[in-house]
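Below you'll find the structure, written out as structure tokens, and then a few comments.
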Amino acid sequence: MTHGPVLDPAGRPLDQIRLTGVSATGHHGVFDHERRDGQTFVADVVVHLDTRPAARGDALAATVHYGELAQAVSDVLTGSPADLIETVAERIAAVALAHPAAVAVDVAVHKPSAPIPVPFDDVVVAVRRDRVLAPPVVPAGDLVPPPEADPLPEPVPDAAPQTVPDPLPDPLPDALPDPLLPEPVTLVATDVHAVDHPDRPDGGPLRADDADDDAVVEAEVVEDALDRRPAEPVDVVLAIGANLGAAQETLRQAVADLDAVPGLEVLEVSPLARTAAVGGPEQPDYLNAVLLGRTTLAPRELLHAVQRVEQGHGRVRLERWGPRTLDVDVVAYGTVVAATDDLELPHPRAHQRAFVLAPWAQVDPHAVLPGLGGGPVAALAATAPDRAGVRWMALDWLTSPVTVVPPPAPGEG
Ligand SMILES: Nc1ncnc2c1ncn2[C@@H]1O[C@H](COP(=O)(O)OP(=O)(O)OP(=O)(O)O)[C@@H](O)[C@H]1O
Ligand SMILES: Nc1nc2c(c(=O)[nH]1)N=C(CO)CN2
């Protein structure tokens, strides 16, 4: 394989477990005869890891069991047919990275009998994947049991510059227009002032006495800059998650529901991640995804719109961080930084949540989370405390006719 070493955080090459020449008959390919007749596929896998913890305790559990790895690789080769050996390579990478000790993996898939009309020796697709540049597919067939909660080796975002996406973002456009607020502004508490309100017939400031005369006005109408619509559409990032019911189907529907919100357009949808629940009670794994969109709604209007979508899917709030049919968070609204009683931007916990950051980095590798604690999303994903809980990503989850990730079973995870 032509990839160089993967380095540890101190810049030293990591150890490797090399498994070469695993061969099996598979049915991958775009031609009917390939699907029908099958042919030989061969895989080479190099797992990059620190083998010292295993050697220190002479403990198989602390390393990657090469026998199990070989079986899993063979299962992918013989498993559900894919058109491309690129897809097969990603599935194998996903299997290898399911081992908590694996920091990165090189996979080569050979197809020596490929239907190529000229004499040739071999054709190979070779990929390197790690926990930042994660495989965008789930392995075919059953999920490998989730890894035990062993401590992960230290992340190596700085250590493998040849493979990990550049943690420095592309320069931000100079004039990232923030039509709402001239500069990123921190609103420390609800900042009460009247603003022009788009819903008021005269467009003027909304006042408490705008309410129906017969209605009992119990609360003062309090508005702040987060109620103001932007002069131009603003880029937004939404995170969706679910771990109750038919989670994948709910998330698919939620994407459609959000796109149907007047004033909100969904532009990109991340791969679907299966993630261990973070915080709260014992609960099933989540399915999570991130949507990139554009809105003409005010931030608080957007919050209320996403909350209506949650409610439409039977969301009930019983306990903090409890299981839910659907959660939709506003992760970022342009570059606005604000903290009010009901809305914080960016979302106050987004910077530490791999279940948000990892899918976001997949759909936008150069994304930057604004605000204090923000930074390049791919780099934040690589160090987020729950990064080991991000188990699989499925690329085609919106369109695939079948469930690409088995719905989490109650108590599982
Ligand atoms: N950026 C934001 N996106 C969504 N909700 C927010 C945001 N900032 C503040 N909130 C407030 O958080 C409240 C609780 O939201 P929710 O019930 O979805 O929390 P949660 O999903 O259990 O936990 P977490 O907020 O940690 O994701 C909402 O009623 C909302 O007013
Ligand atoms: N894996 C995962 N864990 C969570 C999630 C979530 O979406 N995914 N949402 C939470 C509250 O929003 C709390 N914990």
Side-chain angles (χ1 to χ4, degrees), residues 146 149 180 186-190 222 224 226-227 234 236-245 247-248 250-251 254 258 264 270-291 293 295 297-360 369-374 381 384-393 405 407-408 412-413:
L180 185 75
T186 301
L187 305 172
V188 237
T190 306
V222 170
D224 61 38
L226 298 184
D227 293 303
V234 174
V236 292
V237 180
L238 304 176
I240 58 177
N243 71 342
L244 285 184
Q248 185 183 337
T250 303
L251 295 184
L258 290 165
L264 176 63
S270 78
L272 184 67
R274 176 173 169 151
T275 66
V278 173
E282 181 89 2
Q283 55 185 305
D285 281 1
Y286 278 78
L287 298 182
N288 285 106
V290 165
L291 316 184
T295 193
L297 299 175
R300 195 167 278 116
E301 286 181 305
L302 179 64
L303 174 70
H304 294 160
V306 306
Q307 289 177 338
R308 278 194 294 275
V309 171
E310 288 180 341
Q311 282 154 15
H313 288 274
R315 168 75 186 272
V316 283
R317 290 184 163 77
L318 298 176
E319 58 187 321
R320 193 175 191 212
W321 298 333
R324 69 257 336 255
T325 49
L326 178 64
D327 186 41
V328 186
D329 288 334
V330 182
V331 175
Y333 182 102
T335 55
V336 171
V337 178
T340 68
D341 291 346
D342 62 333
L343 178 58
E344 281 192 55
L345 293 169
H347 188 284
R349 284 165 288 285
H351 67 282
Q352 62 194 28
R353 290 179 161 176
F355 65 78
V356 172
L357 300 162
W360 185 3
L369 177 69
L372 262 184
D386 60 323
R387 64 192 182 280
V390 178
R391 290 176 178 154
W392 303 114
M393 297 248 193
V405 179
E412 191 189 346

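Order of appearance sets the numbers: ligands from 1, and atoms from 1 within every ligand. In what follows, residues are counted from 1 in the order of the sequence shown.
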Problem - ligand 1 contact on D327 by region, counting heavy-atom pairs under 4.0 Å - result: side chain
Completion exercise
The answer for which part of V331 has a heavy atom under 4.0 Å from ligand 1 is neither
For [X] and [Y], which heavy atoms make the closest approach, and how far apart are they?
{"X": "A247", "Y": "L287", "answer": "CB-CD1, 3.8 Å"}
{"X": "L303", "Y": "V330", "answer": "CA-CG2, 4.3 Å"}
{"X": "H313", "Y": "T325", "answer": "O-OG1, 2.8 Å"}

Fill in the blank from the handout: Any heavy atom of A239 under 4.0 Å from ligand 2? The part involved is neither
Exercise for the section: Have a look at ligand 2 and work out which part of V278, if any, has a heavy atom under 4.0 Å from it: side chain, backbone, both or neither. Expected result: both
Handout entry: Minimum-distance protein heavy atom relative to atom 8 (N) of ligand 2
Key = N288 OD1, 2.9 Å
Fill in the blank from the handout: The closest protein heavy-atom partner of atom 12 (O) of ligand 2 is D327 OD2, 2.9 Å
Exercise for the section: Compute the minimum heavy-atom distance from R353 to ligand 1 and say whether it is under 4.0 Å. Expected result: yes
Problem - Contacting atoms of ligand 1, where contact means under 4.0 angstrom from a heavy atom of Q307 - result: 28 (C), 29 (O), 30 (C), 31 (O)
Problem - Short N or O distance, P348 and ligand 1, threshold 3.5 Å exclusive - result: no
Exercise for the section: Report yes if some N/O of F355 lies less than 3.5 Å from some N/O of ligand 2; otherwise report no. Expected result: no
Would you please determine whether [X] falls within less than 4.0 Å of ligand 2 on a heavy-atom basis?
{"X": "A276", "result": "yes"}
{"X": "A277", "result": "yes"}
{"X": "R349", "result": "no"}

Practice task
Would you mind reporting whether T295 and Y333 have side-chain heavy atoms less than 4.5 Å apart?
Solution key: yes
